[in-house]
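Below, chains carry the letters A, B, ... as their sequence lines are ordered, and counting in each starts from 1. Basis for what follows: all heavy atoms, side chains included, without hydrogens, waters or symmetry-related copies.
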2 protein chains.
Amino acid sequence: MTNNYYSDFESIKRLISVDCVIFGYDDEQLKLLVFKRIIEPSKGKWSLLGGWVKNDESSEEAAHRVLHHLTGLKYIYQEQVETFSKPGRDPGGNVITVEYYALIKIDEFTNQLISDYGAKWFALKDLPSLIFDHDILVVKALDKLRLKASYELFGKHLLPEKFTILKLRKLYNEIYQKEFDPANFRKKVLSLNVLERLEEKDKTESRKGAYLYRFKDVPEMEISGPVFRKSFVKK
Amino acid sequence: MTNNYYSDFESIKRLISVDCVIFGYDDEQLKLLVFKRIIEPSKGKWSLLGGWVKNDESSEEAAHRVLHHLTGLKYIYQEQVETFSKPGRDPGGNVITVEYYALIKIDEFTNQLISDYGAKWFALKDLPSLIFDHDILVVKALDKLRLKASYELFGKHLLPEKFTILKLRKLYNEIYQKEFDPANFRKKVLSLNVLERLEEKDKTESRKGAYLYRFKDVPEMEISGPVFRKSFVKK
DNA sequence: GCAAAAGTGTTAGGACTACACCCATGG
DNA sequence: CCATGGGTGTAGTCCTAACACTTTTGC
């Protein structure tokens, strides 16, 4: 299928991989899924989920393939972050990596798959040192995540279908490592008009009980400016 | 130098290219430099500046190399945008492209180099259709440019060393395709404290004459939030 | 004097912060 | 009845939009 106008350049072809920074949210903590590497070099050390990009697929497809294979989920939110190509970044070969982050609802898939792969969820602050330049990749993914969460109401892909405003606020607290004011957070979030209140209350976190909300079924939440200004956080 | 732990994967190696969206600002218009393609396929059609990523270099280095070769400039501002890898995106072969945008001060390099390459500056609105997926790459670069210009005072790499507030405002008008209010723009921009007023006036644009400014010599302008809110633009 | 951009001042409104305050209820 | 989160209200602050107004100077 592929033409070969470029057949003179066989010698500068390179291996392409994808690396996935997998975020989950559980136990009121933002967590990352990392893996005990099963191939050399650095076999046995912690790394991000990776995989090769095959000839007949895009990096998006490759990332989706490895994520699907791991989790069994058919839809996984993923977003391209950045591409790393410095020679020597992978001691095993001259590999270019396209980085993605993925958002997983931890409650939706079994831990069986995780243990099969020697994987483990770590809270951000407990994350061990990772191989190669993967520590940098994590920082880049977090930056992108934070940027995204500042431009649109975020949480659809990390929280369960139904959640309280408190849960959402705690997620934001985690992402920005700051305490949002409960009253102001509530008003701001509801004013965005992207949440739908259900006629159901959750009483596990308060005597009074809090309404459950879910994200409205809109194709994409378009907000033409920052959701949260820098000063929206206390102190 | 390179190990070959991955020698089983020779067959999925791919060609990597860089494509550069080159922005310039001249005649009060934001312009793009595009090229008459000199190789097949699509030889003779308009395209972005591209080049192969060699084995011993990163994509950043490759982009810098082709930009330097074109312009003769030793420092060029460039930023990675996104990576495109869909099979078939380049009819000439199975090529993965890392996209960069670059900012050029049009007055700083000769048009000789440009004509040697069959290149031409186009104002955004006059841009012809480009080969492959390059039209999409241009949109992505513009999005990234606009995002950047909303988070920090922008123009250092597009304007001459010395410029008036009017020039800066017209650049912002161009980037956002909107009319900023002269009085408010001035106050906002000066309040950011990143510009230095020179004891020099430019009288070409008004009888009264306007002070020239330049960007202060700070390593990087750190602003922890949007410079311009969405509502900063008129109407 | 007039036009046109430079530059300053002012006012109104919107958004956000901080915090007070009431509500509901399980223990 | 009290502690706790749920939820509402509000004063004050900050930011900015809109626009009036003065300045300067070449023509």
Asks: The side chain of B:S206 is closest to which nucleotide in this list: C:dA18, C:dA5, D:dG9?
Replies: C:dA5
Asks: Taking only side-chain N and O atoms of B:R186, does any of them lie within less than 4.0 angstrom of OP1 or OP2 on C:dG7?
Replies: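 Checking C:dG7 against B:R186, a side-chain N or O does come within under 4.0 Å of OP1 or OP2.
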Asks: Side chain of A:R207 only, please: which of D:dC19, D:dG7, D:dT4 is the nearest?
Replies: D:dT4
Asks: Mind calculating the distance between CZ (B:R197) and P (C:dA6) to the nearest angstrom?
Replies: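 Those two atoms, CZ and P, are 14 Å apart.
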Asks: In whole Å, I'd like the distance from the CD atom of B:E179 to the C1' atom of D:dA18.
Replies: 15 Å
Asks: Which nucleotide in the list D:dG9, C:dA18, C:dA5 gets nearest to the side chain of A:A183?
Replies: D:dG9
Asks: Could you state the atom-to-atom distance from OH of B:Y211 to C1' of C:dG7 in whole Å?
Replies: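 Taking OH of B:Y211 and C1' of C:dG7, I get 10 Å after rounding.
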Asks: If you assign A:S191 and B:T164 each to the DNA chain C nucleotide with the nearest heavy atom, which residue ends up on the more 5' nucleotide?
Replies: B:T164
Asks: Can a side chain N or O of A:K188 be found less than 4.0 Å away from OP1 or OP2 on C:dC16?
Replies: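 Checking A:K188 against C:dC16: at least one side-chain N or O falls below 4.0 Å of OP1 or OP2.
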Asks: Base of D:dG5, side chain of A:K203 - is there a donor-acceptor contact under 3.5 Å?
Replies: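 Counting by modelled atom types and ignoring angles, no donor-acceptor contact under 3.5 Å is found here.
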Asks: If you measure from the Lys or Arg side-chain nitrogens to the Asp or Glu carboxylate oxygens, is any gap between A:E174 and A:K31 under 4.0 Å?
Replies: no
Asks: 5'-most contact on DNA chain D: B:G209 or A:K201, nearest heavy atom basis?
Replies: A:K201
Asks: Provide, to the nearest angstrom, the distance between the CZ atom belonging to A:R169 and the C1' atom belonging to D:dG6.
Replies: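 So the two atoms are 10 Å apart, to the nearest Å.
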Asks: Rounding to a whole Å, what distance do you find between B:N184:CG and C:dT8:C1'?
Replies: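 Whole-Å distance recorded here is 12 Å.
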Asks: Which nucleotide in the set C:dA6, D:dA18, C:dA18 lies at the smallest distance from any side-chain heavy atom of A:K187?
Replies: C:dA18
Asks: Between A:E99 and A:K140, is there a salt bridge with N-O shorter than 4.0 Å?
Replies: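 Judged by the 4.0 Å cut-off on N to carboxylate O distance, A:K140 and A:E99 do not form a salt bridge.
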Asks: Any ion pair linking B:K167 and B:E205 (charged N to carboxylate O, less than 4.0 Å)?
Replies: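 The answer is yes: the pair qualifies as a salt bridge.
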Asks: What integer distance in Å separates B:F185:CZ from C:dG9:C1'?
Replies: 20 Å
Asks: B:F163 has an atom CZ; how far is it from atom P of C:dA6, in whole Å?
Replies: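 About 14 Å, once rounded to whole Å.
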Asks: Is the shortest side-chain N to carboxylate O distance from A:E196 to A:K216 below 4.0 Å?
Replies: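 Salt bridge flag = no for A:K216 with A:E196.
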Asks: Yes or no on side chain to side chain contact (heavy atoms under 4.5 Å, CB included) for B:Y25 and B:I106, after CA distance, side-chain angles and deciding distance?
Replies: CA-CA 7 Å; B:Y25 182 64; B:I106 288 188; 5.8 Å; no
Asks: Can you tell me if A:K208 touches the phosphate of C:dG26, counting only side-chain N or O atoms and a distance under 4.0 Å to OP1 or OP2?
Replies: no
Asks: How long is the line joining CG of A:L166 and P of C:dA24, in whole Å?
Replies: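 Between P of C:dA24 and CG of A:L166: 19 Å.
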